[in-house]
Amino acid sequence: MKQIITPAARLEGTIRLPGDKSISHRYGILASIAEGTSTIHHYSTGADCQSTLGCMRAMGVKAERREDGALVIEGRGLDGLQAPAGDLDAGNSGSTIRMLSGVLAAQKFTSRIAGDESLARRPMDRIMKPLALMGAEIEAIDGRFPPLTIHGRKLKPMRYEPPMASAQVKTCVLMAGLHCEGDTTVVEKISTRDHTELALREFGAAIDFNGGIITVKGPARLKGRELSVPGDLSSAAFFLVAAMIVPGSKLMIQGVGLNPSRSALLDWLMAAGAKLRVMNLAEVSGELVGDLLVTGGDVKGGLISGATTAALIDEIPVLSVLGAVSRDGLVVKDARELRVKETDRIATVAENMQRMGVSIEVYDDGFRIPGKQKFRAAEVDSFGDHRIAMAFAVAALAADGDTTVDNAEAASVSFPEFYATLRQITA
Ligand code: S3P
């Protein structure tokens, strides 16, 4: 599908975003292995989170949308999953395959989990190694690519220090740890999003986390719960940047997840010149939630490196758009992980920037975009990557004519309502 994006005079209005993708995955998996019923409000509408539910359903879990939109999951308990009849389908979702593998490795059955073409190119050795240390037996293509054939085993607990900053790897190990006798610990050199830790606490697991050391005690008896998923801050990022780069904009985004392990984005945007107000802070299901009011202003640009890169990893495509029109430009370093996302996001950002007439210097682990550039109307491509589709739809708002986004439907992986929401605030 092609989307034609017309430059915007300004953005105005009040919006709410779909439920956070990261939190929805975790609630979907944990509710399935909990005892009793969970009611989850505002579960993500994105295809990735439906892939997680599809996998859980294939293992006998009843997960249904109620008329009011809430998702009701009948948990089967820690040992209640059934062997799936065929392959589990993770679709485009790295979170689904990596997090769920921790659960599958501890089952009494063998399962095979596969995904789409993009997922088939994403490295799984980062979860296979720690799971093997716990006693898991997993086969993969060339030892590291999906599909994964996972022979369930009784696993043993361990202490693990992931070599890369990855919340998915941490979560996979903790998911496996839930099934072990004793303490499983993950030690993080660079802290990553802590939604798993907060979710496990909500579901009643014995979990301890402090200063990058996370310990879960197994076997865990999780209790079904009523939970509410906040709006997705990574989805909000597209609109925050859009409001910043289109002069005269004023946008209110309500009910956004502001978990401190994700909200480095807000500090970074404010340092880059955003006029941002955070209002109505509240805690919902253990997560911090609030409203964001953003107005357009002078955009400065900046640097993303070190621990900040890990904290902003999903937002870098849209921040690159901000960088191009900013006063000082943008430098991104220490971002090798971008090369193994849904696409090689260093390459796909660079390709679309060039198509829109923006110069960019590419490094192995990042890029530099000089400031004060103008987007030329062009034909860009999502390359099947949701965040690339949305980032360049935002760039198109500031271009000198209509821009076409090819394969624009990729946005529905995390945000099916993206283009409709964009139309609502640019009308
Ligand atoms: C996620 C962690 C990040 C992020 C992904 C979601 C999560 O991946 O890019 O979109 O929900 O834990 P990594 O763990 O690979 O950094």
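In listed order, ligands and their atoms are each counted from 1. Here, residue 1 is the first one in the sequence, and each next residue gets the next number.
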**Q** Should you measure from each heavy atom of M99, which atoms of ligand 1 turn up under 4.0 Å away?
**A** 7 (C), 11 (O), 12 (O)
**Q** For a quick check under 3.5 Å, do S382 and N407 share a side-chain donor-acceptor pair by atom type?
**A** no
**Q** Does any part of the side chain of T309, heavy atoms only, come nearer than 4.5 Å to the side chain of D334, both counted from C-beta?
**A** yes
**Q** Please list, in number order, the atoms of ligand 1 under 4.0 Å from a heavy atom of K341.
**A** 3 (C), 4 (C), 8 (O), 9 (O), 13 (P), 15 (O), 16 (O)
**Q** R387 to ligand 1: N or O pair under 3.5 Å?
**A** no
**Q** Could you tell me which non-hydrogen atom of V349 sits nearest to which non-hydrogen atom of S320, and how far apart they are?
**A** CG1-OG, 3.5 Å
**Q** In terms of atom number and element, which parts of ligand 1 are under 4.0 angstrom from non-hydrogen atoms of A167?
**A** 12 (O), 14 (O)
**Q** Among residues at least two apart in sequence or on other chains, which ones pass salt bridge (charged side-chain N to carboxylate O under 4.0 Å, His left out) with R57?
**A** none
**Q** How far apart are the closest heavy atoms of Q107 and L81, and which atoms are they?
**A** OE1-CB, 3.8 Å
**Q** Is the contact between S166 and ligand 1 made by the side chain, the backbone, both, or neither, using heavy atoms and a 4.0 Å cut-off?
**A** both
**Q** Run down the list R26, K21, R122 and name the one with the heavy atom closest to atom 12 (O) of ligand 1.
**A** R26
**Q** When only distance counts, is V169 in polar contact with ligand 1, meaning an N/O pair under 3.5 Å?
**A** no
**Q** Side chain or backbone, does Q168 bring an N or O within less than 3.5 Å of an N or O on ligand 1?
**A** yes
**Q** Please check if the distance between the ring centroids of F392 and F383 is under 6.0 Å.
**A** no
**Q** Is it the side chain (CB and beyond), the backbone, both or neither of R193 that lies under 4.0 Å from ligand 1, heavy atoms counted?
**A** side chain
**Q** Check contact between D314 and ligand 1, using heavy atoms of the residue and a distance below 4.0 angstrom.
**A** yes
**Q** Check whether the side chains of S24 and S44 place a donor and an acceptor atom closer than 3.5 Å, and report yes or no.
**A** no
